[in-house]
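We use all heavy atoms of the structure for the numbers below, so side chains are in, but hydrogens, waters and symmetry mates are not.
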Amino acid sequence: MCGICGLVMLEGMVEGDFIPQQVNKMIDALMHRGPDDTGIDGDHSAIFGMTRLAIRGLNDGKQPIVDCDSGVMMACNGEIDNHLELRQWLLERGRTVEQSTDVAVIPALYLELGDAFVERLKGAFAIAIWDPRNKKLLLARDRAGERPLFYSVSDGIVAFASLIAALVSSGSNAFNISTNAVHSYLQSGFFVSPETPFKDIQKVSPGEVVTIDVMGIQRRCYWRWNAVQTTKQIGSLDAFDEIFRESVRRQSEVDVDFGLFLSGGLDSSLITAVIRSIRPEKTLKSYSLRFSEASYDEGDYAEQVANTLGVEFVPVWVRPEDFPPTIAKLVRQVGEPLADPAWIPSALLASRASQDVRVALVGEGADELFSGYPTYFGAGLADYYARLPDSVRTLIRRAVKSWPASDKKVTIPFLLNRFIQGDELDFLGRHILWTSCISPVVLKRLGVTPPLIKRPSYLSAEMLDRLQQHDLETSLAEGLLTKADRASMKSALELRAPFLDQEVMEFAASLPEKERIHRLQTKVFLKQYALRYLPSEIVHRKKRGLSVPLSSWLREPLYEWAKSRLSSPLLDRVGVNRYVAMDLLQEHMQRKADHARSIWTIIVLSEWLEWVSEIEV
């Protein structure tokens, strides 16, 4: 894991120190991602930079890597899990890879296969390659989107970096806010590739190769999770065991100490159990979040799992006073807002883990791949609800809305309030509404109209496949994985997600619906598999998920801080009515409604706008 950056002149060359100076500024902005080493290389037409967090090949992982014969230059942020097989494959074709670090196979693989090289890689990666022979820049991201990569093109100069903040820090261009993208953020809580909060900066999409030369920009999707077109077959527990164990083995085959993020839920517990089975001699530490609020705290469950599996348990307590300084620092480090309140606890967890380990295994992706969210069976129930007579639905809505707001975690009134929304929409539109940060009604009050996105009509028989694919490509890739990367790399900790291995993802796509959702049961197949490693009470424990007691904290003790953020005149800049934002806070204080998620989404935006105003001075 590291941070990568660079500047490329598509036409001509720039003499003097201007380009190296700009790249060094970007390197400085990425230092928190890779404190072990820095590197800069290139010539007057292209210069790459990097900061390194050493995970594999600790003593010879210097980047950027330049092929002496062709001049091809490469920088990679990430891990190539099948590098040993690729080394042998390249050797058989007369290409010897000298460096032992895993990413060293990439230049030779590119020279052998051209742009198709990326399809042979397994792992989590963001890659930049400059080919001086045809003056072409190639940018690529892994299939799930675990590693970030942004770029901008202006006056024949291409800049790229792992973070938006690094691109902006070079000072080579003035960047303009995209109001449309910000309005979409207010609805979803994240930015969907290729959009970013700046008009002039784009994001490489998961599973995509972007090539840039004097002819323009070409984007190619080299891989996509497509459950609809995948032939379904009954899942074999033995076959999946072989695939999943291999994924866990490869991702834990590193030259540094690693640990685990453990919530006590199914996904992280299963990874912990499998790694204990694969590496029984290894001393392992698990890191778990704790909250003083009982309905949000899962620490006891996590400790139970850790004790059962012989893993050391390290609790990390989350307090409201952590939020203001942490979100301010995160936004300034990364250069974009992200509305997931769990960003702060995740950063605190990573900070503690980084004191002991360089890598942590996490359970991201399991819910999207194996149907773990209640919204998946809720989508089926909603079809029945939508067919009820209007008079019956009106009575149900009145009854649900009469229930008082609660500060507890995921209450029945909260779930029912979400469920009754959007009964006039198709299943995907309803799902997007259910998972939104700010509802259309509240957005309208704020003066915000998100851009209308046209979606194709899907067959109801495809509903589950389409919902999972949507979540995998949006809320996972752009939300949860963004949170995981930015939170962990704040403390130079690499996270690896065994469920996002290519073979695991493709296996999940082949499962029939009944092995994913059956009535009100989620993750049918995965739970059957987990029983090989975990007690039934852990496997079948009710899903809770990571959430934060924001509702009560925004009333007190974070009220004054929230008030200062929501009243900021900077919100006017993106068309958000700050007076309505303050009304939402007052309604929340008076328990007229639970606006916690809406308020938090605006607070993070306000913090980001504050950073933008600082860099513009």
For R496, is there an ion pair with D81 - N to carboxylate O distance below 4.0 angstrom? yes
Judged by modelled atom types alone, do D465 and Y458 share a side-chain donor-acceptor pair under 3.5 Å? no
Within-4.5 Å side-chain heavy-atom neighbours: S70 and R133: yes
Any chance the side chains of S247 and E503 put a donor and an acceptor closer than 3.5 Å? no
Can you name the closest pair of heavy atoms from S178 and T196 and give their distance? CB-O, 4.1 Å
Taking the side chain as C-beta and beyond, is there a heavy-atom pair between V256 and V359 under 4.5 Å? yes
Separation of F190 CZ from T482 OG1 (nearest 0.5 Å): 8.5 Å
State whether the side chain of R279 and the backbone N or O of R249 hold a donor-acceptor pair below 3.5 Å, judged by distance alone. yes
Atom CG of D102 and atom CG of L84: how far apart are they, to the nearest 0.5 Å? 9.0 Å
Report yes or no: do Y222 and E119 form a side-chain donor-acceptor pair below 3.5 Å? no
Could you tell me which non-hydrogen atom of K199 sits nearest to which non-hydrogen atom of I177, and how far apart they are? CE-O, 3.4 Å
Using modelled atom types only, decide if a donor and an acceptor are shared between the side chain of S268 and the backbone of S263 within a distance under 3.5 Å. yes
Inspect the surroundings of CD in E85 and state if more than 12 heavy atoms from other residues, nucleotides or ligands are less than 6.0 Å away. yes
Residues P194 and S205: closest non-hydrogen pair is N-OG, 4.4 Å
Starting at CG of L7, measure out to CZ of F160 and round the result to the nearest 0.5 Å. 8.0 Å
Regarding Q468 and S371, do their side chains bring together a donor and an acceptor under 3.5 Å, going by distance alone? yes
Decide, yes or no, whether a salt bridge links R250 with E79 under the criterion of side-chain N to carboxylate O below 4.0 Å. no
Charged N-O contact under 4.0 Å between D255 and R56: no
CD/E92: more than 12 non-hydrogen atoms of other groups inside 6.0 Å: yes
So, E208 and R219, do they make that salt bridge, N to O below 4.0 Å? yes
Evaluate the side-chain hydrogen bond (donor to acceptor under 3.5 Å, both in side chains) criterion for residues D241 and Y529: first the C-alpha distance (whole Å), next the side-chain angles of each, then the deciding distance (0.1 Å), finally the verdict. CA-CA 8 Å; D241 189 48; Y529 170 70; 2.7 Å; yes
Any side-chain to backbone donor/acceptor pair from D60 onto S100? Under 3.5 Å, distance only. yes
Residues R141, E146: salt bridge by 4.0 Å N-O rule: no
State whether a side-chain donor-acceptor pair under 3.5 Å links W223 with E506. yes
I'd like to know whether Y110 forms a side-chain hydrogen bond (donor to acceptor under 3.5 Å, both in side chains) with D67, so could you lay out the CA-CA distance, the side-chain angles of the two residues, the decisive distance to 0.1 Å, and finally the verdict. CA-CA 11 Å; Y110 169 76; D67 179 72; over 6 Å; no
Rounded distance (nearest 0.5 Å) linking atom CG of L86 with atom CG of L121: 6.5 Å
Does a side-chain N-to-carboxylate-O contact under 4.0 Å join K523 and D367? yes
Using the ring of each side chain (for Trp, its six-membered ring), is F370 parallel, tilted or perpendicular to F525, with breaks at 30° and 60°? parallel
Testing R358, K62, R52 for salt bridge (charged side-chain N to carboxylate O under 4.0 Å, His left out) with D36, which one passes? R358
Which heavy atom of T230 sits nearest a heavy atom of N226, and at what distance? OG1-O, 2.6 Å
Yes or no on side-chain contact (heavy atoms from CB on, under 4.5 Å) for F117 and V209, after CA distance, side-chain angles and deciding distance? CA-CA 10 Å; F117 82 98; V209 174; 6.0 Å; no
Is there a side-chain contact between T474 and S188 (heavy atoms, below 4.5 Å)? no
Out of the candidates M489, H32, R33, only one should pair with Q333 under the side-chain contact (heavy atoms from CB on, under 4.5 Å) rule; please name it. H32
Looking at every non-hydrogen atom in both residues, tell me the closest pair between G335 and W608 and how far apart they are. O-NE1, 3.0 Å
Report the C-alpha distance between S488 and E494 in whole Å, list the side-chain angles of each, state the deciding distance to 0.1 Å, and finish with yes or no for side-chain hydrogen bond (donor to acceptor under 3.5 Å, both in side chains). CA-CA 6 Å; S488 63; E494 173 170 292; over 6 Å; no
Mark yes or no for whether S169, through its side chain, and A166, through its backbone, hold a donor-acceptor pair below 3.5 Å. yes
N/O donor-acceptor pair under 3.5 Å between T51 side chain and L30 backbone: yes
Could you go through the side-chain contact (heavy atoms from CB on, under 4.5 Å) check for L464 and R516 one step at a time? CA-CA 9 Å; L464 185 58; R516 291 172 280 164; 3.9 Å; yes
Would you give the length of the straight line joining atom CD1 of I19 to atom CG of N24, rounded to the nearest 0.5 angstrom? 11.5 Å
Is there side-chain contact between R466 and L428, with at least one heavy-atom pair below 4.5 Å? no
Counting only heavy atoms not in K282 (residues, nucleotides, ligands), do more than 12 fall under 6.0 Å from its NZ? yes
For the residue pair I65 and M73, establish whether any side-chain heavy-atom pair is separated by less than 4.5 Å. no
Search all heavy atoms of A497 against all heavy atoms of E364 and return the closest pair with its distance. CB-O, 3.8 Å
What distance separates H470 NE2 from E368 CD, expressed to the nearest 0.5 Å? 11.0 Å
Do D200 and S152 have side-chain N/O donor and acceptor atoms under 3.5 Å apart? no
Answer with yes or no whether the side chains of S45 and D43 bring together a donor and an acceptor at under 3.5 Å. yes
Is there a donor-acceptor contact under 3.5 Å linking the side chains of R245 and S277? yes
Could you check F150, W611, Y185, F198 and say which one makes a side-chain contact (heavy atoms from CB on, under 4.5 Å) with E336? F150
Sole candidate of T211, D213, D115, D131 that passes side-chain hydrogen bond (donor to acceptor under 3.5 Å, both in side chains) when paired with K136: D115
Within the 6.0 Å centroid threshold, strictly below: F244 and Y533: no
Quick check on D155: does its CG atom have over 12 non-hydrogen neighbours (other residues, nucleotides or ligands) under 6.0 Å away? no
Heavy-atom count check: over 12 atoms from other residues, nucleotides or ligands less than 6.0 Å from E242 CD? no
Do R147 and S162 pass the side-chain hydrogen bond (donor to acceptor under 3.5 Å, both in side chains) test, and can you show the C-alpha distance, the side-chain angles, and the key distance before you say yes or no? CA-CA 8 Å; R147 302 293 177 260; S162 298; over 6 Å; no
Using modelled atom types only, decide if a donor and an acceptor are shared between the side chain of D267 and the backbone of A366 within a distance under 3.5 Å. no
Does the side chain of I157 reach to within under 4.5 Å of the side chain of L10, using non-hydrogen atoms? no
